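For reference, the structure discussed in these notes is given below.
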Amino acid sequence: MLFMKLSQFIGQRLREVPRDAQTASHKFLLRGGYCRSVSAGLYSLLPAGCRIVRKIEAIIREEMNRIGGQEVLMPLVLPAELWRESGRYESVGPELLRFRDRNDKEMLLGMTHEEAVVHLARTELPSHRQLPAMMYQIQVKYRDEARPRAGLIRVREFTMKDAYSFHISQECLEEYYQKAHQAYERIFQRLGLRECVSILSDSGMIGGALSHEFMAIAECGEDTLFCSPDGRYRANREVACSKLHYKQEEPLPLEKVATPDCKSIEEVAAFLQLPKEQTGKALFYKDGKGALVLVSIRGDLEVNEAKLKKLLGEAELDFADDQLILSAGAVPGYASLLGLKREGIRVLVDHSLAESSNLVVGANEAGYHCRNFNFFRDLELAEQIQVADLATVREGDPCPLSGEPLQMHRGIEVGNIFQLGTKYSKAMHCNFLGEDGQSHPMIMGCYGIGVGRAMAAVIEQNHDDYGPVWPLSIAPFQVHLIGLNQARPEVSQACELLYKQLQEEGLEVLYDDRGEKAGSAFADADLLGIPFRIVLSPKTLDQAQAEFKRRHWGRRSEMLPLSGLAACIKSMVQEELRSFA
RNA sequence: CGGGGCGUGGCUCAGUCUGGUUAGAGCGCUGCGUUCGGGACGCAGAGGUCGGAGGUUCAAAUCCUCUCGCCCCGACCA
């Protein structure tokens with residue numbers, strides 16, 4: 001439907017901010033009548049929201065088709081047996097909603113569709129002659145989120161575009177991965193996400209080697225990312241690293257000092273009047289099997305648990321309790337590697353600890369620390385200890401590429417791309433027959449975009465105090481026609497005529513025919529965020545003119561002659577649309 | 001799952017501490033009239049078993065117990 005009268009348009013605008021909404025997108029989505037909450041993390045889309053989502057999907061389709069994608073549709077409900085093949089039925093936690101059907105068969109709601117697409121690929125793509133190939137769908141996903149939040153940004157049921165590519169070689173995958181990356185850049189540009197960057201990311205439960213997340217920069221985002229000033233280095237905090245300087249001096253003799261009641265780094269540093277950089281700390285974790293893991297790092301730095309988990313291959317890590325620490329011969333609050341028997345403990349050390357000189361570390365004796373600890377000098381068989389990057393990057397830390405201070409941002413993850421490799425194809429016997437006549441596992445990539453989340457992210461980046469400022473590419477309508485003082489027949493007649501002319505130009509036009517007071521009409525228009533606005537009133541008609549205004553202009557407007565107005569708007573709309581093509 | 005907050009017409013809230021007429025206001029909604037350029041006004045209306053269940057009491061939105069739901073912070077999160 002290209003046109004609509006506001007008096008018939010479903011979706012009440014709300015004057016007041018609903019109590020539950022905190023973020024800009026959540027507030028405006030509710031206030032503008034774009035969506036309504038049904039239950040925690042479950043939303044219905046009203047016509048305005050639905051129109052936007054359909055436009056987002058259309059842009060995504062175009063770009064997926066452009067890189068050779070073929071659209072498919074896989075079921076939301078899947079049999080557990082398929083997920084058992086990949087091992088994820090067991091490995092994924094309670095966010096996977098499992099249930100039984102009437103025949104007591106174990107089923108699940110798909111939270112992503114690697115298994116389902118492999119089920120297709122292994123029968124439909126038997127030969128190398130069909131590869132590379134890419135299938136995508138725009139489908140609902142369900143994840144039983146522990147805590148939905150911020151309106152459409154984190155929900156339980158959501159529409160996602162998920163794409164899967166299949167290749168005969170890693171080289172082919174990498175080449176396609178680049179194409180997908182470019183397609184994503186085009187998509188987010190076309191959606192009007194002005195600040196959207198791809199960053200290195202952790203591949204998490206999907207697995208695979210290389211992956212990128214596309215982050216819409218926004219204060220309310222759930223992710224923290226680091227970018228170098230020149231933009232060459234961009235990474236999620238989970239994987240970000242830096243090129244910290246480690247102080248290296250002549251090693252001084254190890255020396256025990258009394259440090260009564262100094263159990264924290266802050267206390268030790270204050271007591272000895274040293275910077276925290278001159279200290280080292282030891283943290284004790286418990287892995288999934290309850291075994292002790294010791295991590296040592298420079299005192300001012302924080303351990304990055306995402307890096308640690310990845311290194312250990314552990315899905316779960318917890319802080320160890322004091323009893324477990326004591327049983328290993330360490331003293332909580334005064335623990336370190338010094339004099340510790342390392343049998344039966346997995347020990348990991350961050351570069352910052354191994355490569356700094358003369359640190360203050362715990363003496364493994366209550367009330368005492370040691371000065372001038374030097375890792376390779378003071379530990380037996382220090383070279384057997386795994387030294388790795390385990391530190392959490394901080395704002396201002398030096399960029400690993402340029403050394404420039406890293407900038408920290410918050411971001412909303414609107415898309416991600418993964419080089420999956422053969423994780424699923426091997427586990428699920430998804431093979432193709434190669435030129436060599438042999439069977440090989442397919443090399444896979446996968447590529448996701450959250451549609452509703454993207455809509456919310458667009459608002460976060462494009463709004464003022466009064467409502468969203470929709471980019472023309474995804475706006476619910478292109479033109480908002482307002483007739484003030486509809487009781488006057490000359491106004492309603494002129495409006496009806498212009499409404500018809502705009503339609504004849506093929507424009508998507510919303511006509512506010514309600515005859516509301518100017519204030520309410522304008523406030524509603526601001527909440528609907530339509531890029532082009534035309535106002536007709538007795539005042540403008542006296543001069544054979546219309547008031548014209550762009551949504552992003554704020555309160556400013558200009559007058560345009562009524563004659564030829566529809567064609568004039570049409571050409572402006574077309575020109576602007578070209579910038580989103 | 002831990003911590004905090006909140007459930008009273010469609011929306012925002014008052015009333016709960018200190019139990020007591022018929023449960024209120026503003027917005028929104030319906031009808032009539034007057035208005036008409038950044039959320040007008042008058043009159044007349046519709047709409048609530050005060051989240052639910054039990055209990056205490058002559059009497060419960062209000063006190064007690066249990067329970068359900070929603071939001072925020074954290075944990076978790078392709």
Side-chain angles (χ1 to χ4, degrees), chain A residues 11-23 26-27 30-31 33 36-42 86 88 91-96 110-115 141-151 153-156 158 160 162-164 201-208 211-213 220 222-223 236 238 305-306 309 315-319 413 415-418 420 423-424 446-450 453 465-467 482-488 491 512 514-527 533 535-542 546-547 549 554-557 559:
Chain A
Q12 287 270 355
R13 269 78 50 207
L14 309 175
R15 184 185 292 206
E16 282 168 296
V17 181
R19 190 223 312 263
D20 290 345
Q22 321 282 328
T23 60
H26 194 190
K27 287 177 189 168
L30 293 174
R31 286 193 56 206
R36 296 287 179 244
S37 162
V38 176
S39 179
L42 301 174
S86 69
R88 285 207 297 185
S91 69
V92 174
E95 63 269 24
L96 176 63
M111 49 195 296
T112 171
H113 280 75
E114 283 78 10
E115 286 81 357
K141 303 273 181 280
Y142 186 87
R143 290 181 195 180
D144 218 17
E145 288 287 348
R147 184 156 91 84
R149 58 175 291 270
I153 287 176
R154 181 160 215 86
V155 289
R156 284 145 83 197
F158 57 100
M160 182 178 189
D162 47 326
Y164 307 89
S201 69
D202 185 29
S203 52
M205 84 149 177
I206 279 201
S211 66
H212 285 84
E213 292 165 336
C220 71
E222 298 179 288
D223 290 270
N236 194 307
E238 293 178 345
E305 290 188 17
K309 282 180 187 171
E316 264 185 75
L317 269 188
D318 239 327
F319 284 117
E413 182 186 349
N416 51 30
I417 56 179
F418 295 84
L420 284 181
K423 172 174 169 174
Y424 294 91
C446 79
Y447 318 89
I449 294 178
R453 185 183 273 189
D465 291 347
Y466 308 101
I482 296 172
L484 296 177
N485 210 339
Q486 294 271 349
R488 301 266 203 104
V491 173
D512 186 351
R514 301 169 304 165
E516 284 290 313
K517 304 268 296 180
S520 2
F522 295 160
D524 280 347
D526 288 343
L527 283 171
R533 185 187 302 179
V535 182
L536 296 185
S537 73
K539 209 169 77 182
T540 67
L541 291 175
D542 279 352
E547 182 192 84
K549 158 187 240 177
R555 294 287 161 100
R556 184 164 70 84
S557 66
M559 301 302 279

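In what follows, chains are A, B, ... by sequence order, proteins preceding strands, each numbered from 1. Note that this is a predicted model, so its numbers are computed, not measured.
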Side chain to side chain, A:Glu145 and A:Val155, heavy atoms closer than 4.5 Å: no

Non-hydrogen side-chain atoms of A:Phe522 and A:Arg555 separated by less than 4.5 Å: no

At 4.0 Å (heavy atoms only), tell me whether [X] reaches a base, stays on the sugar-phosphate, or touches nothing.
| X | result |
| --- | --- |
| A:Glu413 | nothing |
| A:Asp524 | base |
| A:Tyr447 | nothing |
| A:Arg533 | base |
| A:Ala146 | base |
| A:Ala306 | nothing |
| A:Ser39 | sugar-phosphate |
| A:Arg19 | sugar-phosphate |

What integer number of Å spans the [atom1] atoms of [N] and [M]?
| N | M | atom1 | answer |
| --- | --- | --- | --- |
| B:A23 | B:A14 | C1' | 11 Å |
| B:C72 | B:G19 | C1' | 32 Å |
| B:A61 | B:A53 | C1' | 16 Å |

Minimum heavy-atom separation for [X] and [Y], please, with both atom names.
| X | Y | answer |
| --- | --- | --- |
| A:Leu14 | A:Leu30 | CD1-O, 3.7 Å |
| A:Lys549 | A:Gly554 | CE-O, 2.9 Å |
| A:Leu536 | A:Val491 | O-CG1, 4.1 Å |

N or O in side chain of A:Arg149 less than 4.0 angstrom from B:C71 OP1/OP2: no

Side-chain N or O of A:Lys27 closer than 4.0 Å to phosphate OP1/OP2 of B:C71: no

Determine which nucleotide pairs with [N], using a 3.5 Å limit on both distances of a Watson-Crick or G-U wobble pair.
| N | result |
| --- | --- |
| B:C27 | B:G10 |
| B:G74 | B:C1 |
| B:A40 | B:U34 |

Donor-acceptor pair present, A:Glu16 side chain and B:G28 base, under 3.5 Å: no

Working for salt bridge (Lys or Arg N to Asp or Glu O under 4.0 Å), residues A:Asp526 and A:Arg533: CA-CA 10 Å; A:Asp526 288 343; A:Arg533 185 187 302 179; 2.6 Å; yes

Derivation of the salt bridge (Lys or Arg N to Asp or Glu O under 4.0 Å) call for A:Lys423 and A:Glu114: CA-CA 10 Å; A:Lys423 172 174 169 174; A:Glu114 283 78 10; over 6 Å; no

Length of the [atom1]-[atom2] vector between [X] and [N], whole Å:
| X | N | atom1 | atom2 | answer |
| --- | --- | --- | --- | --- |
| A:Phe319 | B:A75 | CZ | P | 10 Å |
| A:Arg555 | B:G39 | CZ | C1' | 11 Å |
| A:Glu222 | B:G74 | CD | C1' | 13 Å |
| A:Glu238 | B:A75 | CD | P | 12 Å |

Proximity to the side chain of A:Phe522 - top-ranked nucleotide from B:U12, B:G74, B:G38: B:G38

Please enumerate all protein N or O atoms sitting under 3.5 Å from an N or O of nucleotides 29-36 of chain B, with distances to 0.1 Å.
unit_1 : atom_1 : unit_2   : atom_2 : d
B:C36  : O2'    : A:Asn485 : ND2    : 3.4

A:Ile153 and A:Cys220: CA distance, side-chain angles, deciding distance, side-chain contact (heavy atoms from CB on, under 4.5 Å) verdict: CA-CA 9 Å; A:Ile153 287 176; A:Cys220 71; 3.8 Å; yes

